[in-house]
There are 2 protein chains.
Amino acid sequence: MAGRGVTIADVAARAGVAASTVSYVLSGKRSISPETADRVMAAVADLGYHPHAGARSLASRRAGVVAMMLPLRDGMHLPVLMQFASGAVTEARRHDQDVLLMTADEGPAGLARVAASAIVDGLILMDVEVRDPRVETLRRLGLPSVLIGFPADAEGLTCVDLDFEAAGRVCARYLVERGCGDIALLGASEAVYARRTGFAERVREGFLGQGAARAEVWPCPDDAVSVQRTVKELLTSKPELTGLAVHNEPAVGHVMHALADAGKRVGEDFHVVVIGPDEVAERTHPQLPSVLVPAETLAETAVRHLMRKLDGLEVPDSTLIEPQLTLR
Amino acid sequence: MAGRGVTIADVAARAGVAASTVSYVLSGKRSISPETADRVMAAVADLGYHPHAGARSLASRRAGVVAMMLPLRDGMHLPVLMQFASGAVTEARRHDQDVLLMTADEGPAGLARVAASAIVDGLILMDVEVRDPRVETLRRLGLPSVLIGFPADAEGLTCVDLDFEAAGRVCARYLVERGCGDIALLGASEAVYARRTGFAERVREGFLGQGAARAEVWPCPDDAVSVQRTVKELLTSKPELTGLAVHNEPAVGHVMHALADAGKRVGEDFHVVVIGPDEVAERTHPQLPSVLVPAETLAETAVRHLMRKLDGLEVPDSTLIEPQLTLR
DNA sequence: TCCGTCCGTCGAAGCGCTTCGATGATCAGG
DNA sequence: CCTGATCATCGAAGCGCTTCGACGGACGGA
């Protein structure tokens, strides 16, 4: 029952077979008679045997670990990141893999390090930007990988992301269906738009592309005062406005209060839809419909794709996750 | 410059020395002449050599990896968790260690697995509860570890946490110094109190223990409507109340609005202090003073303690991090 | 000058596993 | 009854590293 220092030889001895036989039982790479297999499995359980990870990786050239590189920039949405990380770990464990956590500030050198030391079999790169210095290194290393987000040149890479354009479209459509003629998208602060053109711009395009309403996009900082001001300006400049999509998580609460101050009754003569986590949309009064960033689904998809690549199977170069609108 | 498949033998050949010499140069475990060392280091750089992690761990019985087990329960404060995780990774890298991410739902069996497979040298357990089933396993395995939080029986374990009692005291003192005679602590929802008695109760004790004011503690859910109601009831039941500490991150915004509705002018005739992350306290109007949960400091301390234990050095059984009040 | 030290380096053993080729045993076909 | 194929299992050879003991050369003391 213990487990400290139990080797495959101990298991083999107890089951009365050769070490290689134990290995084959455990890996299933050669056929073994059921009786022998049972004896081996019993010995494994009795002794609490777990193969030594280092020895295994040395002999089999497979570490059983994948790396996940998370961004650490300011303004990253921490809860989503965390959901992502835990989703990835959960899915990886289903495939009997562990997850090594890295931060983006290790940069390309970090990728080179983990690749050369064979400490991981593959990696997942989160929050890839349009011009990302890690992408070139990644391509050169030839380490199996999956990216969350789309770099400018995705040639030969496996990328996964939320279909942000569809998300924008879904929000616009929701508002139009509620009878809104003038609608607006309240986005993130200018800084975010400047950095990740891909991501924020695709929402904008989807939102504007839904031609049935007069639509505008307004960037917006996320502190209480700025939100108040932005909403006031918005309502002044578009007095006919009756529908608003908010793609700025921390601002949502402030937006609701600003609308209340302006005499808008949300859910009656005015409609609001959120792009963001459930908690945010649930915590307002009234609760709001929302399109969430499906962090867990993204993580699972990414891990699953990576596993397939490790097994030498095909995966699509590009995968877009459909946004889901939750009514409340 | 490449790196794929470069072994210590390649480095040795290029430097014209034996493999063992390269090993000693890299580890510093035997004295090597400066000239030889230089030649070796040059060869390492030229070839982009990184030792094979598996081989190293097999031969040296040191994996160079520590595990971090994160809770995944509902109601966990995700951003803080994330800060913690990234802080731990950053600090671990300074010690040339990597971090393996595990989730608490692997439970005791997960601990046994990583211990037996020697995939990590030690581990950090986050968010340990008063009665935590992992603690007993941990003790039995004898794997070097550091806990964040205090279990009921901490005998022989290394624990690190914020000094929550001091945090409560600091908040009460802040309010008293502003001249408040009646003060209250608005805490988390009942569920949180029920689960982690240690953590929430220590804040309460610190808050109440500061005898200079009439103090009360009110639990509070975190949706807009409940907060409104709770604040209203609180103000009704204690009409003389002029000071409030809020230990409930998502509720802060709603509290501010409820106070405004009740005609309280925060910062003038009424004082509010927050226990929680900076962003929350900065985003309100006016900005609020706050005591933050110093996730990064906690993570760094935990990792540092673990490194010392791995090196066979002494560490204190129990470390309480002083809360820091930020005025705004 | 000779001996004992110490320093820098080498070679070999071994960490625990996977995997390849070999070896009996079993069985069907002629 | 013998041959060739098939199946279950074994033994040995590494995987790339660390570490131990050994060894030659330089150097200081007698």
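Chain letters run A, B, ... following the sequence lines, proteins first and then strands; every chain starts at 1. All of these numbers come straight from a predicted model, not from anything done at the bench.
- Across the interface with DNA chain C, nearest-nucleotide mapping of B:Gly16 and B:Ser60 shows B:Gly16 to be the residue nearer the 5′ end.
- Where B:Ala37 and B:Leu58 meet DNA chain C, the nucleotide closest to each residue was compared, and B:Ala37 sits on the side nearer the 5' end.
- Counting distance only, with no hydrogens placed and no angle test, the side-chain atoms of B:Arg30 and the base atoms of D:dT19 include no donor-acceptor pair under 3.5 Å.
- For the pair A:His50 NE2 and C:dG16 P, the computed distance is 16 Å after rounding to whole Å.
- Put simply, B:Arg56 has a side-chain N or O that comes within less than 4.0 Å of OP1 or OP2 on D:dT18.
- Atom CZ of B:Arg62 has more than 12 neighbouring heavy atoms from other residues, nucleotides or ligands inside a 6.0 Å radius.
- Applying the 4.0 Å criterion to OP1 and OP2 of C:dC17, one finds that A:Ser23 has every side-chain N and O outside that range.
- Comment: B:Asp96 does not engage A:Arg113 in a salt bridge, judged by the lack of any side-chain N to carboxylate O separation of less than 4.0 angstrom.
- A salt bridge does not link B:Arg134 with B:Asp127: every distance from a Lys NZ or Arg NE/NH1/NH2 to an Asp or Glu carboxylate oxygen is 4.0 Å or more.
- With rounding to whole Å, B:Asp38 atom CG is found 14 Å from C:dG8 atom P.
- Taking 4.0 angstrom as the limit, A:Tyr49 places a side-chain polar atom (N or O) nearer than this to OP1 or OP2 of C:dC17.
- Side-chain contact, B:Ser117 with A:His52: no donor N or O sits under 3.5 Å from an acceptor N or O.
- For the pair B:Ile119 CD1 and C:dG16 C1', the interatomic distance rounds to 15 Å; values are reported in whole Å.
- OP1 and OP2 of D:dT18 both lie 4.0 Å or more from every side-chain N or O belonging to B:Lys29.
- Between A:Glu91 and A:Arg94, at least one side-chain N (NZ, or NE/NH1/NH2) sits under 4.0 Å from a carboxylate O, which counts as a salt bridge.
- Rounded to an integer number of Å, the gap from B:His52 NE2 to D:dC15 P is 11 Å.
- Here the side chain of B:Pro51 is nearest to one of D:dC7, D:dC10, D:dC17, namely D:dC17.
- Neither OP1 nor OP2 of C:dT9 sits under 4.0 Å from any side-chain N or O of B:Ser20.
- When the C1' atom of C:dC7 is taken as reference, atom CD1 of B:Ile32 falls 10 Å away, rounded to whole Å.
- Listed candidates were C:dT9, D:dG16, C:dG16. Nearest to the side chain of A:Ala55 is C:dG16.
- The nucleotide whose nearest atom lies closest to any side-chain atom of A:Thr7 is, among C:dG16, D:dA8, C:dC10, C:dG16.
- Put simply, B:Arg62 has no side-chain N or O that comes within less than 4.0 Å of OP1 or OP2 on D:dC17.
- Distances were taken from every side-chain heavy atom of A:Ala59 (C-beta onward) to each of C:dT9, C:dT18, C:dG8; the shortest belongs to C:dT18.
- Comparing atom distances between the A:Tyr24 side chain and each of C:dG8, D:dC10, C:dG11 picks out D:dC10 as nearest.
- Put simply, CD on B:Glu35 is 16 Å from P on C:dC7, counting in whole angstrom units.
- If you take CG of B:Leu26 and P of D:dG16, they are 16 Å apart, rounded to a whole angstrom.
- With rounding to whole Å, A:Ile8 atom CD1 is found 8 Å from C:dT18 atom C1'.
- In this structure, a donor-acceptor pair under 3.5 Å is present between the side chains of A:Thr36 and A:Ser33.
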